[in-house]
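The chains referred to below are lettered A, B, ... by the order of the sequence lines, with proteins before strands, and numbering in each begins at 1. We use all heavy atoms of the structure for the numbers below, so side chains are in, but hydrogens, waters and symmetry mates are not.
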Amino acid sequence: MTYTELSEQEKIRRESLQKLIDLGINPYPAAKYEISAGSTEIINNFDESKNNYQDISFAGRIMTRRIMGKASFVELQDTYGKIQVYINRDVVCPDEDKELYNTVFKKLLDIGDIIGVKGEVFKTQMGEISIRANEFTILSKSIRPLPVVKEKDGNTYDAFSDPEQRYRMRYLDLMVNPHVKNAFINRTKLTNSMREYLNAKGYLEVETPILQPIYGGAAARPFKTHHNTLDQTLYLRIANELYLKKLIVGGFDGVYEFAKDFRNEGMDRFHNPEFTQMELYVAYKDYFWMMETVEEMVEKIAMDIHGTTKVKVGQHTIDFHRPWKRFTMFEAIEHYTGIDISNMEEEELKVTAKKLGIDVDESMGKGKLIDEIFGEKCEGQLIQPTFITDYPVEMSPLAKKHRKIDGLVERFEAICNGKEICNAYSELNDPIDQRQRFEEQLLLAKRGDEEAMMLDEDFLKAIDYGMPPTSGLGIGIDRLAMIMTNSDSIQDVLFFPQMRPEKKIQVDSKEKYLEKGIPTEWIELIQKLGYKTLKSLSEANPGKLFNDLCGLNKKAKLGLQNPTADDVKKWCE
RNA sequence: CGGUUCGUAGCUCAGUCGGUAGAGCACGUGACUCUUAAUCAUGGGGUCGAGGGUUCGAUCCCCUCCGAACCGACCA
């Protein structure tokens with residue numbers, strides 16, 4: 001066991017645990033516990049006139065206790081919610097022996113313990129639907145105190161609110177903050193709804209490699225790892241696009257994957273190093289078709305989660321009702337800046353960007369400039385779902401050239417609440433053009449662009465064989481979940497967001513030093529010298545420690561009897 | 001990576017213009033047969049994130065480090 005000092009409450013709980021065992025009660029029984037009803041089911045369906053739920057079995061975690069003499073109330077929380085349980089001494093202990101109530105229930109049980117109860121449902125004098133327990137069973141003893149959150153009239157008191165602790169100990173967050181659970185349930189409803197939609201269309205859900213020898217399909221820096229047997233560098237995927245397109249080449253007409261992708265980049269409230277994207281590829285379609293698909297799919301998701309297309313997000317109400325607004329990128333820029341840049345060349349764009357207050361540097365080409373202007377002046381203003389179409393070719397090496405306009409590609413993004421939620425193309429299936437685009441990326445890479453795409457010969461070979469015209473989509477599940485759950489941080493839609501590891505400084509107790517035979521007066525000095533654990537002491541140089549201790553004694557005029565060198569040597573063993 | 005703010009009891013927070021700390025809940029003990037932020041009485045619990053500096057003395061002032069939140073940079 002490596003725990004250092006236990007708090008008073010933890011010690012008391014461990015003592016309670018031992019007392020239970022001494023009384024012959026197993027605090028962690030192996031047998032299953034039959035449950036006949038859930039909390040919300042009981043509360044919604046109990047009817048005094050029907051006299052239903054008169055023989056039920058229920059289990060949950062003790063969240064609060066109100067004990068008054070021979071009668072007590074506890075609130076038990078199950079997966080659905082909370083329900084009050086009434087425990088009466090003479091009901092639980094009908095015989096002379098009242099130990100089960102007086103000792104086991106009142107003394108040895110705590111908030112946080114999980115118990116099962118059997119009994120009947122009734123209404124208290126105050127009118128609250130409750131379970132009258134005829135018997136209770138300890139199912140799991142908790143030896144760490146829970147944050148106690150209290151509530152009255154919709155006000156929450158002492159909420160467990162420190163974000164660091166909430167994310168590091170999400171289980172606690174889920175236990176004591178009910179709305180948290182709800183956000184995650186809605187996240188799963190979202191993916192279920194999306195999967196249903198895609199399956200109903202007959203598309204095939206597939207899985208493709210996460211460990212990739214060449215990372216591609218997006219512009220991002222990867223995580224790097226190594227395979228021992230192959231003695232080869234592998235990357236965690238930044239996207240699965242190229243693999244899915246190979247499956248389209250292979251003859252599947254529609255494939256999709258809910259993919260965990262990994263990008264070795266900054267973290268903030270919109271970015272986690274690992275995140276989920278749903279990518280979809282459908283043969284014989286183009287980006288116009290895909291826009292309609294996205295509208296229809298997201299509208300359905302909103303309906304499935306909220307029962308309406310209108311979703312409250314922060315200050316705004318976002319309406320996913322079809323059809324969504326559509327802007328070409330040039331139109332959007334003109335709309336928000338009043339400037340028509342559609343016929344501008346690089347120099348003129350640069351001047352315009354500067355005029356709009358955008359930082360410009362020499363490495364920026366035409367595409368980058370347009371993208372910057374859009375990102376700075378338009379994106380944040382687009383609250384209602386809006387499709388932005390027709391991007392500069394430089395930014396989109398995997399998208400097909402626009403059927404009408406030179407220098408653009410057939411690409412769209414959906415922007416919602418000021419953020420991109422998806423990205424889609426008419427996929428580039430011209431193998432000669434694709435090779436050229438990759439080669440242009442290589443040039444960018446040579447100029448130092450760390451995010452330029454790598455040339456993937458394997459992928460090029462595949463489309464040499466011929467890929468049908470295809471439309472592809474990547475939709476950010478975390479971003480969409482944020483919108484659908486009204487969360488302003490990605491950490492609120494990820495169970496376990498990435499956190500820096502906590503470094504805890506370990507200090508061994510005085511008792512442990514005493515056990516080693518080290519006299520009390522020296523322990524503090526040894527710890528002061530930096531040997532805070534017996535382990536660090538065992539790694540110390542005994543001679544140096546001896547000198548340091550005697551020196552400290554002399555310098556600080558402590559007047560202690562110096563230990564012998566042999567004594568110190570023994571302490572360090 | 002830069003700026004701002006924060007880290008004090010199991011939880012939520014106060015506080016000390018520098019003299020080793022308080023509250024509520026939780027916990028212990030006692031009272032109480034329908035309570036619901038139960039109540040009443042009483043008691044215990046803290047290396048004030050870590051390390052160093054200034055000082056007779058630091059939780060407080062200064063520096064470094066660790067962790068977090070927000071804003072920015074980067075990143076679609």
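- Taking the six-membered ring where the residue is Trp, Tyr287(A) and His402(A) present perpendicular rings, their angle passing 60° and hence far from 30°.
- Other residues, nucleotides and ligands place more than 12 heavy atoms under 6.0 Å from the CZ atom of Arg66(A).
- Of the candidates C34(B), G24(B), C74(B), C74(B) carries the atom nearest the Arg221(A) side chain, counting heavy atoms from C-beta on.
- No hydrogens or angles were tested; on distance alone, a donor-acceptor pair under 3.5 Å links the side chain of Thr124(A) to the base of U35(B).
- Counting non-hydrogen atoms under 4.0 angstrom, Arg66(A) reaches a base of the nucleic acid.
- Listed candidates were U12(B), A37(B), C32(B). Nearest to the side chain of Ile67(A) is C32(B).
- The OH atom of Tyr157(A) sits 15 Å away from the C1' atom of C13(B) (whole-angstrom rounding).
- The side-chain heavy atoms of Trp324(A) and Val294(A), taken from C-beta on, include a pair separated by under 4.5 Å.
- Atom CZ of Phe160(A) and atom P of A26(B) are 17 Å apart (whole Å).
- For C70(B), the paired nucleotide is G3(B), the pair qualifying as Watson-Crick or G-U wobble because both relevant distances are below 3.5 Å.
- In this structure, Arg500(A) and His271(A) both approach RNA chain B, and ranking their closest nucleotides by distance from the 5' end singles out Arg500(A).
- For Ile12(A), whose side chain is taken as the heavy atoms from C-beta onward, the closest listed nucleotide among G67(B), C27(B), U12(B) is C27(B).
- Between the side chains of Tyr86(A) and Ser72(A), no donor-acceptor pair of N or O atoms lies under 3.5 Å.
- Contact annotation: Arg269(A) reaches the phosphate of C71(B) (side-chain N/O to OP1 or OP2, under 4.0 Å).
- For the pair Arg269(A) and Asp492(A), the salt-bridge criterion is not met [side-chain N within less than 4.0 Å of a carboxylate O].
- Other residues, nucleotides and ligands contribute at most 12 non-hydrogen atoms within 6.0 Å of the OH atom of Tyr80(A).
- Side-chain proximity of Arg168(A) to A68(B), C13(B), U33(B): nearest is A68(B).
- Side-chain atoms of Gln125(A) and base atoms of U35(B) include no donor and acceptor less than 3.5 Å apart.
- For the pair Met499(A) CE and G67(B) P, the interatomic distance rounds to 11 Å; values are reported in whole Å.
- Between C11(B) and Gln165(A), a contact under 4.0 Å exists linking OP1 or OP2 to a side-chain N or O.
- U20(B) and G15(B): their C1' atoms are spaced 14 Å apart (whole Å).
- Nucleic acid contact class of Leu146(A) (heavy atoms, under 4.0 Å, all strands): none.
- Within the 4.0 angstrom heavy-atom criterion, only backbone atoms of the sugar-phosphate kind lie near Gln491(A); the bases stay farther away.
- Taking 4.0 angstrom as the limit, Lys150(A) places a side-chain polar atom (N or O) nearer than this to OP1 or OP2 of A26(B).
- The gap from the C1' atom of U59(B) to that of G52(B) amounts to 16 Å, rounded to the nearest Å.
- In this structure, the nucleotide among A26(B), G28(B), C11(B) sitting nearest to the side chain of Val148(A) is A26(B).
- Across all strands, Glu379(A) comes closer than 4.0 Å to no nucleic acid atom at all (heavy-atom distances).
- Residue contacts shown for Lys107(A) are limited to sugar-phosphate atoms, with no base heavy atom under 4.0 Å away.
- Comparing Glu413(A) and Glu75(A) against RNA chain B, the residue whose closest nucleotide sits nearer the 5' end is Glu75(A).
- Between the side chain of Glu151(A) and the base of A37(B) there is no donor-acceptor pair of N/O atoms closer than 3.5 Å.
- To the nearest whole angstrom, the two C1' atoms, one in G19(B) and one in U55(B), are 12 Å apart.
- Here C27(B) is the nucleotide among C27(B), U36(B), C11(B) with the atom lying nearest to any side-chain atom of Ile111(A).
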